[in-house]
Asks: 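Could you have a look at this structure, given as structure tokens, before my questions?
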Amino acid sequence: MSGAEQKKSHNASGLARRTSAASCPACVMKLGAMRISKTLIPTLKEAPAEAEVPSHILMVRGGYLRKLAAGIYSFLPLGWRVVQKISRIVREEMNRAGAQEVFLPAVIPGELWQESGRWDHYGDQLLRFKDRKGADFVIGPTHEEVIVDLVRHDVRSYRQLPLTLFQIQTKFRDELRARAGLMRGREFIMKDAYSFHTSEEDALREYKNMYEAYTRIFTRCGLAFRAVEADTGAIGGSQSHEFQVLTETGEDAILACDKCDYAANIEEAKARSVAATPSGAPAPAVEKVATPGKRTIEEVTAFLGCQPHELVKTLIYLADGKPVAVLVRGDRSANDVKVKRVLGCTELVLAADKAVEEITTAPVGFAGPVGLRIPIYCDHEVCALPSFVCGANAADLHLRNVVSKRDFSPTQCGDFRQAALGDACPRCQHGHFTGYRGIEVGQVFFLGTKYSAPMKCNFLDTDGKEKPMVMGCYGIGVTRIAAAAIEQNHDADGIIWPVPIAPFEVSLLSLQVGDAQVTAVAERLHDELQKAGVDVLFDDRDERPGVKFKDADLIGMPYRITVGKKGVAEGVVELKARRAPEVLKVKIEDIVRVVVDKVERERAGGLA
RNA sequence: CGGGGCGUAGCGCAGUUGGUAGCGCGCCUGCUUUGGGUGCAGGAUGUCGUCGGUUCAAAUCCGGCCGCCCCGACCA
């Protein structure tokens with residue numbers, strides 16, 4: 001029975017006539033079996049030229065996904081089943097964690113965004129439009145405003161708190177450049193949750209609760225992932241973790257300690273502060289050296305015969321328009337996120353060449369801290385150097401033997417550099433950083449009162465005083481999980497789905513549709529597997545075996561049962577895991593039990 | 001938004017010097033084959049992105065616009 005027939009029969013029997021599939025427990029729990037001959041699975045031998053990354057190519061080739069416009073996709077039956085399987089896991093775990101599901105509007109009045117202040121700050125990613133009366137609206141890229149508006153109207157007392165609400169919604173972010181299919185689309189499906197508390201302690205308790213729920217969710221999805229410390233970015237707040245699916249091709253760089261469990265986005269990874277290197281004798285006085293035309297670290301080190309870590313880079317930034325200097329060692333990069341946080345500015349950009357020349361009174365490439373009359377932010381490593389080489393703020397001149405605090409006064413010493421592979425772990429004593437790449441599929445934030453205070457989302461506390469609620473918010477990219485899962489699980493022939501989120505758990509191939517015995521066995525297995533609760537995709541097409549094998553590999557169900565003439569004559573069928581090369585011959589009477597065993601063992605993903 | 005590239009049949013692509021469009025895959029029909037995208041024969045399918053210009057004549061030359069992809073900037 002196909003999914004559509006199944007649904008029809010529910011309706012015909014008078015069950016929940018007007019309920020959607022999503023709210024019918026039977027339909028949600030079992031997506032059921034399908035026959036390929038009756039299903040829209042338009043596989044392609046060649047992928048459209050526009051698809052480049054594996055997940056995008058394979059989802060298009062496998063008949064999961066079609067593009068409607070840049071970054072906007074239609075999900076075909078296979079693709080939608082994946083989304084439903086992921087959503088189900090997310091929903092179950094959110095419910096288990098005590099969150100309540102709601103469904104908020106995708107279209108949001110602009111005035112709510114004006115109230116939170118994000119109307120002016122969110123930028124062009126926010127898709128805005130007017131209704132017929134000329135009123136401003138946006139399509140929600142996230143829903144803090146809506147949820148806060150809801151809660152501030154209906155939650156007044158500490159007695160009603162804490163409260164965690166979530167939804168699974170289509171979001172729209174008008175990305176500057178949509179790319180890589182579902183990985184960075186403009187329209188995408190997201191689970192977003194928001195929690196409301198009477199105190200920071202309680203909000204932090206929920207943060208941990210959600211962190212654990214997320215760990216369960218990604219484990220159940222069968223993904224290799226890591227939770228890493230993250231930048232809180234524009235959403236604000238003071239604590240955040242990203243959940244990263246580990247892949248070779250991920251957009252994000254992650255540094256993780258090889259000894260302890262510290263891991264962070266490279267944008268966030270702390271650099272251990274280093275103690276000043278004790279030097280025997282104090283450095284000699286500052287000395288000017290001629291370095292004609294030597295601007296870059298490479299040129300200067302080659303010319304003076306010293307090492308990059310003996311040099312200091314002086315970077316001139318404009319922080320909300322005001323010039324500041326940031327000093328890092330010559331072999332390091334500055335980390336804008338860290339600088340921005342210490343400065344507390346909203347905009348931080350490297351100064352243009354012309355501005356640098358005005359500020360340093362020298363051509364670009366000869367900036368240095370000595371004599372500079374703007375705030376100077378000095379990385380720990382620079383302060384720890386016994387002495388160093390830097391620009392002299394004059395054309396074709398550098399300074400040697402410069403010592404921090406002796407020859408110039410840093411405004412502040414701190415962690416301003418980008419952490420790097422091999423760095424000592426900032427948390428434990430023995431570890432060093434190793435690198436991964438990842439795809440961010442979830443993030444948890446401790447928000448505090450960033451939204452509740454300006455939007456007056458207050459409650460009456462036990463002391464009779466009105467206070468802003470303390471909030472957290474927690475997102476999961478449902479459609480991005482599908483893409484990340486493929487990035488992590490594919491080979492040259494196609495997708496290799498983990499059982500928990502595979503559109504079907506088993507592909508059943510009937511090799512000779514014209515053969516009565518083969519057909520009888522295949523039909524019987526189809527019925528029995530379905531009865532046993534296995535999601536089975538039955539390839540009953542009158543196609544050559546090669547076509548069926550190729551399609552089965554491409555669309556990537558975790559198990560494949562092959563019913564062929566030779567095998568049936570011997571009373572066996574073949575069982576193959578998509579991930580492994582071995583082909584197993586199994587007696588026809590045993591195959592259902594064997595497959596059910598394997599599938600059931602894997603349904604819980606890594607939680608098994 | 002900066003740099004680069006592309007737009008011709010459902011998909012992948014070719015189209016020379018300007019002369020009114022072709023190949024492979026897919027699709028339809030018949031036969032054939034039947035354990036890794038069979039073979040043969042026949043067939044259908046185009047606003048050559050769009051608007052304008054040059055020309056007797058434009059997929060081809062020129063200009064505007066639109067769309068798409070890649071790199072960068074950007075990104076709860």
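Every chain is numbered from 1 and lettered A, B, ... according to where its sequence line falls, protein lines coming before strand lines. The structure displayed is predicted, hence computed values, not measured ones.
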Asks: Given ring pair (Phe, Tyr, Trp, His ring centres under 6.0 Å), test A:His56 with A:Tyr73 step by step and report yes or no.
Replies: CA-CA 11 Å; A:His56 189 194; A:Tyr73 296 90; 5.6 Å; yes
Asks: When the C1' atoms of B:G53 and B:G42 are compared, how many Å lie between them, rounded to an integer?
Replies: 44 Å
Asks: Tell me what A:Pro42 touches on the nucleic acid: a base, only sugar-phosphate, or nothing, going by heavy atoms under 4.0 Å.
Replies: nothing
Asks: Please report the distance separating the C1' of B:A21 from the corresponding atom of B:A58, rounded so that it comes out in whole Å.
Replies: 13 Å
Asks: Using the ring centroid of each side chain, check whether A:Tyr211 and A:His241 are separated by less than 6.0 Å.
Replies: yes
Asks: For A:Tyr122, answer base if it contacts any base atom (sugar-phosphate contacts may also be present), sugar-phosphate if it contacts only those atoms, and nothing otherwise; contact means non-hydrogen atoms under 4.0 Å.
Replies: base
Asks: Taking only the P atom of each, what is the distance from B:U33 to B:G15 in whole angstrom?
Replies: 40 Å
Asks: Go ahead and name the base partner of B:C68; Watson-Crick or wobble counts if both distances stay under 3.5 Å, otherwise write none.
Replies: B:G5
Asks: Give a yes or no on whether the ring-centroid distance for A:Tyr207 and A:Phe446 is below 6.0 angstrom.
Replies: no
Asks: Taking atom types as they are modelled, would you say the side chain of A:Arg544 forms a donor-acceptor pair with the base of B:U33 within the 3.5 Å cutoff?
Replies: yes
Asks: List in chain and number order the residues that pass ring pair (Phe, Tyr, Trp, His ring centres under 6.0 Å) with A:Phe225, two or more places apart in sequence or in another chain; answer none if no residue qualifies.
Replies: A:Phe218
Asks: A:Pro48 has a side chain; which of B:G37, B:G12, B:C74 sits nearest to it?
Replies: B:G12
Asks: Does A:Arg128 count as lying over the ring of A:Trp119, i.e. NZ or CZ under 6.0 Å from the six-ring centre, within 45 degrees of the axis?
Replies: yes
Asks: For the side chain of A:Ala49, starting at C-beta, report the closest nucleotide among B:C69, B:C70, B:C13.
Replies: B:C13
Asks: Measure from the side-chain heavy atoms of A:Ala70 and tell me the nearest of B:C68, B:G35, B:G37.
Replies: B:C68
Asks: Counting N and O atoms only, with roles assigned by atom type, does the side chain of A:Ser452 sit under 3.5 Å from a partner on the main chain of A:Met469, one being a donor and the other an acceptor?
Replies: yes
Asks: Watson-Crick or G-U wobble partner for B:A41, using a 3.5 Å limit on both distances?
Replies: B:U29
Asks: Measure NZ/A:Lys585 against C1'/B:G35 and give the value in whole Å, please.
Replies: 11 Å
Asks: If you look at every strand shown and take non-hydrogen atoms under 4.0 Å, does A:Arg66 touch a base, only sugar-phosphate, or nothing?
Replies: nothing
Asks: Toward the 5' end of RNA chain B, which comes first, A:His56 or A:Leu511, by nearest nucleotide?
Replies: A:Leu511
Asks: Determine the Euclidean distance between corresponding C1' atoms of B:C6 and B:G12; express it in Å to zero decimal places.
Replies: 14 Å
Asks: Would you mind pulling out the nucleotide paired to B:G35, Watson-Crick or G-U wobble, both distances under 3.5 Å?
Replies: none
Asks: Within this structure, what is the CG-to-C1' distance between A:Asn265 and B:C75, rounded to whole angstrom?
Replies: 12 Å
Asks: Distance check needed: B:G36 P versus A:Asp551 CG, whole Å only.
Replies: 15 Å
Asks: For A:Ile57 and B:C70, give me the distance from atom CD1 to atom P, rounded to whole Å.
Replies: 11 Å
Asks: Can you tabulate the close N/O pairs, meaning under 3.5 Å, that link protein atoms to atoms of nucleotides 24-30 of chain B?
Replies:
| unit_1 | atom_1 | unit_2 | atom_2 | d |
| --- | --- | --- | --- | --- |
| B:G24 | N2 | A:Glu46 | OE1 | 3.3 |
| B:C25 | O3' | A:Lys45 | NZ | 3.3 |
| B:G26 | OP1 | A:Lys45 | NZ | 3.4 |

Asks: For A:Lys548 and B:G35, what is the distance between atoms NZ and C1' respectively, to the nearest whole Å?
Replies: 11 Å
Asks: In whole Å, what separates the P atom of B:G39 from that of B:G2?
Replies: 50 Å
Asks: Using the side chain to side chain contact (heavy atoms under 4.5 Å, CB included) criterion, which residues pair with A:Ile72? Sequence neighbours excluded.
Replies: A:Leu68, A:Ala69, A:Phe172, A:Arg186, A:Glu187
Asks: Would A:Asn265 and A:Glu229 count as having a side-chain donor-acceptor pair, cut-off 3.5 Å?
Replies: no
Asks: Counting side-chain heavy atoms from CB outward, which of B:U34, B:G37, B:G72 is closest to A:Gln512?
Replies: B:U34
Asks: Which one is paired to B:C23, where only Watson-Crick or G-U wobble pairs with both distances under 3.5 angstrom count?
Replies: B:G12
Asks: State whether the distance check finds a donor on one side and an acceptor on the other, under 3.5 Å, for side chain A:Arg560 versus base B:G36.
Replies: yes
Asks: According to the Watson-Crick and G-U wobble definitions, with both distances under 3.5 Å, which nucleotide is paired to B:G18?
Replies: none
Asks: Looking at A:Arg184 and B:C75, is any side-chain donor or acceptor paired with a base atom of the opposite kind under 3.5 Å?
Replies: yes
Asks: Rounding to a whole Å, what distance do you find between A:Glu50:CD and B:G10:C1'?
Replies: 13 Å
Asks: Would you mind telling me which of A:Val595, A:Leu529, A:Ile561 makes a side-chain contact (heavy atoms from CB on, under 4.5 Å) with A:Val536?
Replies: A:Leu529
Asks: What integer number of Å spans the P atoms of B:A14 and B:G49?
Replies: 14 Å
Asks: With the side chain of A:Glu52 defined as its heavy atoms from C-beta on, choose the nearest nucleotide among B:G35, B:C70, B:G37.
Replies: B:C70
Asks: Let me know, please, whether A:Ala69 or A:Lys191 comes out on the 5' side of the other along RNA chain B by nearest nucleotide.
Replies: A:Ala69
Asks: Does the side chain of A:Glu144 pick up a donor-acceptor pair with the side chain of A:Thr142 at under 3.5 Å?
Replies: yes
Asks: Grab the CG-P distance between A:Asp252 and B:C74 for me, whole Å please.
Replies: 14 Å
Asks: Between B:C56 and B:C68, how far is it from one P atom to the other, in whole Å?
Replies: 38 Å
Asks: In whole angstrom, what separates A:Arg186's CZ from B:C74's C1'?
Replies: 15 Å
Asks: Looking at every strand, decide which applies to A:Glu175 at a 4.0 Å heavy-atom threshold: base, sugar-phosphate, or nothing.
Replies: nothing
Asks: Among B:C71, B:G35, B:G36, find the nucleotide with the atom closest to the side chain of A:Arg177.
Replies: B:C71
Asks: Using the C1' atom on both, measure B:G52 against B:C66 and round to a whole Å.
Replies: 14 Å
